[in-house]
Amino acid sequence: MKYYILFGPPGAGKGTQAGALAQKYNLCHLSTGALLRAEIAAGTSLGKQAKELIDKGNLVGDDVVEGMLESRFAQASGIEGFLLDGFPRTISQAEDLDRMLAKTSDKVEKVISIMIPDAMVAERIAHRAAIEGRADDASEETIKNRIATYHAKTEPLIEFYKAQGKYEEADGRGTIEEVHDAISAIMDK
Ligand code: ADP
């Protein structure tokens, strides 16, 4: 199995890009945010725990997100691999991922970062709030906290994956098609 990571600040367009990429490269798209929102919608106890954290713009516990992913990894069939979106989000999650994959002699192939400036992050999230109605997109306070959390906890992953020679950057400021082509070019390299 091949494991690709779609990386970038909240609102960079990871979810938007993931569908077409997953189809093109025969990968299973796994978004931890979407999986958590599904748990919330289903009213599970996991969902109830996660909702409070998500609504404030804080991260959900490693055990919770990693448990959700590992059970999906184990179910893989008929695909080339996985396209991870929203995970890992911290250095400790990245280290846990490496340990998980080592069990099946797999590894992270590439980390593809969709880069947009902070001003665009806020703009895109506000736009998405109007369309998708996500609770964590509605409050300015929450959005600010998510951007701060990204810089403090997630951004250090750039150096982590650069050191492994796996980090690649795509310009996220273009149209959906332009960004798709930029990511495809990185995948095909
Ligand atoms: P965005 O890309 O806008 O940040 P996501 O859908 O990726 O949105 O995530 C929404 C929320 O779900 C995050 O703010 C966080 O609370 C929670 N979440 C998603 N992935 C993880 C993760 N890997 N670890 C911890 N919390 C997560």
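Every number for a ligand or one of its atoms is a count from 1 in the order of the listing.
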Exercise. Going by atom types only, do Ser184 and Lys24 share a side-chain donor-acceptor pair under 3.5 Å?
Worked result: yes

For this session: Carefully, step by step, assess Tyr3 and Phe73 under the rule ring pair (Phe, Tyr, Trp, His ring centres under 6.0 Å).
Result: CA-CA 10 Å; Tyr3 291 81; Phe73 292 167; 5.0 Å; yes

Exercise. Would you say the side-chain atoms of Ser92 and Asp62 include a donor-acceptor pair closer than 3.5 Å?
Worked result: yes

Exercise. Can a donor-acceptor pair be found between the side chains of Ser113 and Glu169 at a distance below 3.5 Å?
Worked result: no

Exercise. Between the main-chain N or O of Ile186 and the side-chain N or O of Lys110, is there a donor-acceptor pair closer than 3.5 Å?
Worked result: yes

Exercise. Is the backbone of Lys153 close enough, under 3.5 Å, to the side chain of Thr90 for a donor and an acceptor to pair up by distance?
Worked result: no

For this session: At a heavy-atom distance under 4.0 Å, which protein residues reach ligand 1? Sort them by chain and number, would you?
Result: Pro10, Gly11, Lys14, Thr32, Gly33, Leu36, Arg37, Ile54, Asn58, Leu59, Val60, Val65, Gly86, Phe87, Arg89, Gln93, Arg128, Arg134, Asp136, Arg146

